[in-house]
Amino acid sequence: FYQESPYCWTVDPIDGTSNFVKGKDKFAIMIALTLKEKILFSWIYKPLDNVMCNAIYNEGAFIDNHKIQTKSVKTLKEATGSISTKYWDEKDLEKIKLLKNEFSEVKSYRCIGYEYVDISIGKRNFTILSKLSPWDHIPGILFVRESGGYDIDFNYQKYDFTSKNKNLIVGNSNEFNLQILNKLGA
């Protein structure tokens, strides 16, 4: 559908569905507007905190109308983040299991919207993902990019919601993402 119309809305009405169903606090509403292969606007709303996060292409990322800028760490040992545990092919799964030991902490929120916001404010440093559904990632990718963060797949390409990226690293800096790719032997 991203090829059928120049403009396309992407909506994830409850990101972190299992958290929501279980009564946990980490879930969000995510929306984005794209024009062909460009993400123009995105919104991540955290309803229980009444916090609105939004990004505008080439203008920045904002939390409750305050512009934000991400902060990074220098080494993997200092970093906290998450690594998807599902949908890896056998070869990548073995590498991912070994990689977990390189970081200070690896723990998923089970809500990628929250993770994208925390990467953007420097509270977390990375997420490593597989099986990339556009509604889970388009809003957050623009938010991270506009806060100064970076995304890269295992083939050294940026996330492209119009194609089939199989995996993705999202982090506070390009240098940090490249350290992860180096450890993976990609």
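Atoms considered below: every heavy atom in the structure, side chains included; atoms not considered: hydrogens, waters and symmetry mates. This chain uses plain numbering: 1 for the first residue, then up along the sequence.
- Residues satisfying the side-chain contact (heavy atoms from CB on, under 4.5 Å) test with Phe20, not counting sequence neighbours, are Ile14, Phe27.
- When all heavy atoms of Gly113 and Met30 are compared, the closest pair comes out as CA-SD, 3.4 Å.
- Counting all heavy atoms, side chain and backbone alike, Ser147 lies closest to Ala61 at N-CB, 3.8 Å.
- A side-chain contact (heavy atoms from CB on, under 4.5 Å) with Tyr159 holds for exactly one of Ile152, Ile138, Leu129; it is Ile138.
- Looking at every heavy atom in both residues, Ser173 comes nearest to Ser72 through OG-OG, 3.5 Å.
- Inspection of the Ser82 and Thr127 side chains reveals an N or O donor paired with an N or O acceptor under 3.5 Å.
- Under a hydrophobic-cluster definition in which Ile, Leu, Val, Met, Phe, Trp and Tyr are linked whenever side-chain heavy atoms come within less than 4.5 Å, directly or via other members, Leu93 and Val106 are assigned to the same cluster.
- Val51 and Tyr114 fall into different hydrophobic clusters, where Ile, Leu, Val, Met, Phe, Trp and Tyr are joined by side-chain heavy atoms under 4.5 Å apart, directly or via other members.
- To the nearest 0.5 Å, atom CG of residue Leu184 and atom CG of residue Leu98 are 9.5 Å apart.
- Between Lys166 and Asp92, no side-chain nitrogen of the basic residue sits less than 4.0 Å from a carboxylate oxygen of the acidic one, so the salt-bridge criterion is not met.
- Within the 4.5 Å cutoff, no side-chain heavy atoms of Ile31 are placed close to those of Thr10.
- Within a 6.0 Å sphere centred on NZ of Lys77, heavy atoms belonging to other residues, nucleotides or ligands number more than 12.
- Pairs engaging residues 139-154 under the salt bridge (charged side-chain N to carboxylate O under 4.0 Å, His left out) rule: Arg145-Asp151 [sequence neighbours left out].
- Hydrophobic clustering (ILVMFWY, side-chain heavy atoms < 4.5 Å, transitive): Phe41 and Trp9 are in one cluster.
- At a threshold of 4.5 Å between non-hydrogen side-chain atoms, the residues Ile169 and Tyr150 do not count as touching.
- Expressed to the nearest 0.5 Å, how far NZ of Lys107 lies from CD1 of Ile83 amounts to 14.5 Å.
- Annotation for Asp89: atom CG counts as buried by contact number, over 12 foreign heavy atoms lying within 6.0 Å.
- Once rounded to the nearest 0.5 Å, the distance linking CD of Glu59 with CG of Asn54 reads 10.0 Å.
- Within the 3.5 Å criterion, the main-chain N or O of Cys8 finds a donor-acceptor partner in the side chain of Thr34.
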Criterion side-chain contact (heavy atoms from CB on, under 4.5 Å) on Asn167 and Ile128, from CA distance to verdict: CA-CA 7 Å; Asn167 48 58; Ile128 303 173; over 6 Å; no
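- With sequence neighbours excluded, the residues that form a ring-ring contact (aromatic ring centres under 6.0 Å, His included) with Phe161 are Tyr2.
- Note that CG of Asp49 is 8.0 Å distant from NZ of Lys26, once rounded to the nearest 0.5 Å.
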Begin with the C-alpha distance, continue with both residues' side-chain angles, and end with the deciding distance and a verdict on side-chain contact (heavy atoms from CB on, under 4.5 Å) for Phe143 and Val117. CA-CA 7 Å; Phe143 194 73; Val117 171; 4.1 Å; yes
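- Judged by distance alone, with hydrogens and angles left aside, the side-chain atoms of Asn19 form no donor-acceptor pair with the main-chain N or O of Lys24 at under 3.5 Å.
- Asp15 places a side-chain N or O within donor-acceptor distance of the main-chain N or O of Ile112, the cut-off being under 3.5 Å.
- Proximity of a side-chain donor or acceptor of Gln179 to a complementary backbone N or O of Lys74 within less than 3.5 Å is detected.
- Cluster annotation: Ile68 is connected to Ile141 through the hydrophobic network of ILVMFWY side chains, with a link wherever side-chain heavy atoms come within less than 4.5 Å.
- Without hydrogens or angle criteria, Ser133 side chain to Asp136 main chain gives no donor-acceptor distance under 3.5 Å.
- Put simply, the side chain of Trp43 does not reach to within 4.5 Å of the side chain of Pro139, judged on heavy atoms.
- Scanning all heavy atoms of the two residues, the minimum distance from Ala32 to Ile39 falls at CB-CG2, 4.4 Å.
- Sequence neighbours left out, the pairs with a member in residues 69-111 that pass ring pair (Phe, Tyr, Trp, His ring centres under 6.0 Å) are Trp88-Phe154, Phe103-Phe126.
- Residue Leu48 is not grouped with residue Met52 when hydrophobic side chains (ILVMFWY) are merged at heavy-atom distances under 4.5 angstrom, including chains of intermediate members.
- Taking Ser108 as the reference, Glu115 meet the side chain to side chain donor-acceptor pair (under 3.5 Å) condition, with sequence neighbours excluded.
- With contacts defined as side-chain heavy-atom distances shorter than 4.5 Å, the pair Ile63/Ile121 qualifies.
- Remark: Glu102 pairs with Leu76, Leu99, Lys183 by the side-chain contact (heavy atoms from CB on, under 4.5 Å) rule, at least two apart or across chains.
- A distance-only check finds no donor-acceptor pair linking the side chain of Lys67 to the backbone of Phe62 [under 3.5 Å].
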Could you go through the side-chain contact (heavy atoms from CB on, under 4.5 Å) check for Glu105 and Lys100 one step at a time? CA-CA 8 Å; Glu105 181 182 39; Lys100 285 184 176 185; over 6 Å; no
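- For the atom pair OG1 (Thr80) and CG (Asn125), the distance works out to 4.5 Å, reported to the nearest 0.5 Å.
- Remark: the Ser130 side chain and the Ser84 side chain contain an N/O donor-acceptor pair separated by less than 3.5 Å.
- Judged by distance alone, the side chain of Asn172 and the main-chain N or O of Ile119 form a donor-acceptor pair under 3.5 Å.
- Put simply, the side chain of Glu78 gets close to the backbone of Thr75: a donor and an acceptor are under 3.5 Å apart.
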Take Asn58 and Ile56 through the side-chain contact (heavy atoms from CB on, under 4.5 Å) test and state the conclusion after the steps. CA-CA 6 Å; Asn58 277 343; Ile56 304 168; over 6 Å; no
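- No hydrogens or angles considered: a donor-acceptor pair under 3.5 Å links the side chains of Tyr45 and Asn50.
- Taking all atoms of both residues into account, the shortest heavy-atom contact from Pro13 to Ile29 is O-CG1, 3.3 Å.
- For the pair Leu178/Asn174, a side-chain contact is recorded, criterion being any heavy-atom separation below 4.5 Å from C-beta on.
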